[in-house]
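First the proteins, then the strands, lettered A, B, ... as listed; each starts at 1. Values below: all heavy atoms of this structure, side chains included; hydrogens, waters and symmetry mates excluded.
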Number of protein chains: 2
Amino acid sequence: MTTIKDVAKKAGVSVATVSRFLNDSGYVGAEAAKAVTAAVEELKYELNPVARSLNTKKSNLIGLILPDITNPFFPELARAVEDVALTYGYTVVLCNSDENPEKEKNYIETLKKKYIAGFIVTSNQLDAPHYANANVPIVALDRTINEKIPTVSSNNKEGAVMGTNALLERGCRNVLFLRGPAELNPANDRYDGFMEAIQNTDAHYQVVTCPFHFADSQKIVERALKDDPSIDGIFASSDVSAAGALKAASTMGKHVPDELQIVGFDGVAMGEMLSPGLTTVAQDVYKMGAIATRVLIKQIENKKIDQSFYEVPVKLVIRGTTRSVAE
Amino acid sequence: MTTIKDVAKKAGVSVATVSRFLNDSGYVGAEAAKAVTAAVEELKYELNPVARSLNTKKSNLIGLILPDITNPFFPELARAVEDVALTYGYTVVLCNSDENPEKEKNYIETLKKKYIAGFIVTSNQLDAPHYANANVPIVALDRTINEKIPTVSSNNKEGAVMGTNALLERGCRNVLFLRGPAELNPANDRYDGFMEAIQNTDAHYQVVTCPFHFADSQKIVERALKDDPSIDGIFASSDVSAAGALKAASTMGKHVPDELQIVGFDGVAMGEMLSPGLTTVAQDVYKMGAIATRVLIKQIENKKIDQSFYEVPVKLVIRGTTRSVAE
DNA sequence: CTTCAGTGTGTAACCGGTTACATATAATAT
DNA sequence: ATATTATATGTAACCGGTTACACACTGAAG
């Protein structure tokens, strides 16, 4: 392995000059620069990032902390983070937290020892001290941590309004809202949007709390449909729940979309694979991940960040679980 | 930050003794050991992994190279790798290669500079030199790289036999096999299994090559169904293709499973969300990832590995896209 | 002709560990 | 009693970089 010393010798300068040249810091004369360039080229020198880290107490590692990569929402996020990180020369460490604060804290501690550059975090531990006091750049994704930490999120409330209206415009008069867990910020925002859209309307509605879990959602919807067969529209706070609802409709012989219309929220790929295809409020998950990563890198590189809250617009994707709108 | 020197001073010994004690290498007297333990405790000393890496040219980083985390097959794998890695004190770096050899090579080079401990690789670049000559522990997942590199894989061939028989036992007489891309080892094994199971049978069959892609699969199946309406069974080499087939059946008004039965391969979570639920040959993806990681870590820690090929059994999961078996 | 800021470069300390080597003592073998 | 081995520890070099500091030179300002 060739080191900076080899380069220095070959170029006939000191290691300090080579280092300065490589880091574009301090003064380096034109001749020295040329000699170093040539030596680097000839020896195929590549800087040792570990040695650098030890000095600078910095690295190009980014930690991505998420509850569970297995949840269909996250892979796309991870993909975006990795893509953007790569173009900026950063490397992504994957951390499944299972929403467990101990695990999160552990990751943070472990990676800080490696001089991790920063974290992108998706967590429900809203105001956990290990984030607030982490003393390392952080960007929160999809869920607010605290005011000092930049957040990127979907426009959940507006999305919920859009989704609700989609159902109403298509003739639903008795809507079941599948509300996500109260600990989740986005779930609350979606709930607010739903309420805002439906409240001054003559439509009936009911709200049921429902985890973002397929089988549970299915069960909950089956019961709701049994209790009130006149439900003609379901707005689920997540696509997984919507899939559960669709399955419930299928097992109970409710025809979708003729007897029952369903709208999901998320826009995961699975939605189009269902039959009928799932109408949903699609988040631009990739974009969220990409923005989060760029904002994080700006923070890391001490560049000014213009805002501390980024809201990514959401889009209604009409597929087969809703009818064409009545004029 | 407290360093090994602080500990040495506090314990009244030299840094060498502290290091030896911490690494359990060389001799350390009982008194010294006690003093060091106390000092570590009192100062809350934690070893700096970067400094250690610089010396030892080792790290506890594991690279996970996969085509695209967005592909529903991989998140579960990643999850398993991360889980196991964590219990052994390793950290996982996520690498989306897009099957691009340049990107793969790049990751390997970049991470080797960080003294990465090893790689888990899922790649189609079967005999790529950057793997064969990587000079770092590697375990291949799901796809064979070369003979020297341990591989863990599903029992694809046997699984395909099971899937085919499931269709035949349930009365299919004209089976369409959706064959995966020829570059993929598992696709070939599944094809072999299908052929073996169907060949000495009086059932008709046809084989169509079909990428592991939903919309493409749907289109291909729609055409096949149009060309030959007597097809009464489809065995897809992947669940995503099976989902496409199911969708095709739905758009063409073929009732599943009465007129057409479908079996997939993979066992991804999406399968149960479809209506009807997808009958599939399920791989134990988590187990594959877990085994791969353990084998890799054994390699890293220079422990003997008993075999170089691990085959994880596959399981037939019967759901709604197949009928109950005729007696 | 000083003085001083800007430019260019090298020496050596330092980041926080590991480890080869030297040295010393106690235990065992011959 | 002496040689040999196992145990125990410290000193200092080293891993491969960064950077504070000292020093030298140049050109412009006063």
Rounded to whole Å, the CZ-C1' distance (B/Phe21 to C/dG17) equals 17 Å
Kindly say whether B/Asn106 contributes a backbone atom to a donor-acceptor pair with the side chain of B/Thr110 at under 3.5 angstrom?
yes
Whether B/Lys112 side chain and B/Ala134 backbone form a donor-acceptor pair below 3.5 Å: yes
Rounded to whole Å, the CG-C1' distance (B/Asp6 to C/dG16) equals 10 Å
In whole angstroms, the gap separating P of D/dG10 from CD1 of B/Ile4 amounts to 12 Å
Side-chain atoms of B/Tyr27 come closest, of D/dG17, D/dT9, C/dG16, to D/dT9
Q. Between A/Asn23 and D/dT18, does any side-chain N or O lie under 4.0 Å from OP1 or OP2?
A. yes
Closest to the 5' end of DNA chain D, once B/Gly26 and A/Thr17 are matched to their nearest nucleotides, is B/Gly26
Whole-Å distance, A/Tyr115 OH to D/dT18 C1', equals 13 Å
Side-chain atoms of B/Ala16 come closest, of D/dT11, D/dG16, D/dG17, to D/dT11
Taking C/dT18, D/dG17, C/dA20 as options, the one with an atom nearest any side-chain atom of A/Tyr45 is D/dG17
- Indicate, with a heavy-atom threshold strictly under 4.0 Å, whether A/Val28 touches base, sugar-phosphate, or nothing. sugar-phosphate
C/dT18, OP1 or OP2 - any side-chain N/O from B/Lys57 closer than 4.0 Å?
no
Taken to the nearest whole Å, CG/A/Leu22 to P/D/dG16 is 15 Å
Considering only heavy side-chain atoms of B/Arg20, the closest of C/dC21, D/dG17, C/dT9 is C/dC21
When rounded to whole Å, the NZ to C1' distance for the pair A/Lys58 and C/dG16 reads 18 Å
For A/Asn55 and D/dG16, is the shortest distance between a side-chain N/O and OP1 or OP2 below 4.0 Å?
no
B/Lys114 NZ to D/dG17 P, in whole Å, measures 13 Å
Of the candidates C/dG10, D/dT18, C/dC15, the side chain of A/Thr56 sits closest to D/dT18
Among C/dT9, C/dG16, D/dG16, the one nearest any side-chain atom of A/Ala32 is C/dT9
| request: Determine, for A/Lys44 against A/Asp6, whether the closest basic-nitrogen to carboxylate-oxygen distance falls under 4.0 angstrom. | output: no
Taken to the nearest whole Å, NZ/B/Lys5 to P/C/dG16 is 8 Å
Are any of B/Ser19's side-chain N or O atoms less than 4.0 Å away from OP1 or OP2 of C/dT18? yes
Give B/Glu31 one of three labels, base, sugar-phosphate or nothing, depending on what nucleic acid heavy atoms sit under 4.0 Å from its own.
nothing
Considering only heavy side-chain atoms of A/Leu54, the closest of C/dG10, C/dC15, D/dA12 is C/dC15
- Message: side chain to side chain contact (heavy atoms under 4.5 Å, CB included) for A/Ile62 and A/Ile297? Distances and angles first, verdict last.
- Response: CA-CA 9 Å; A/Ile62 288 180; A/Ile297 292 174; 4.1 Å; yes
For A/Lys105, is there an ion pair with A/Glu102 - N to carboxylate O distance below 4.0 angstrom? yes
Review point. Are side-chain N/O atoms of A/Asn48 and B/Tyr115 paired as donor and acceptor at under 3.5 Å?
Key: yes
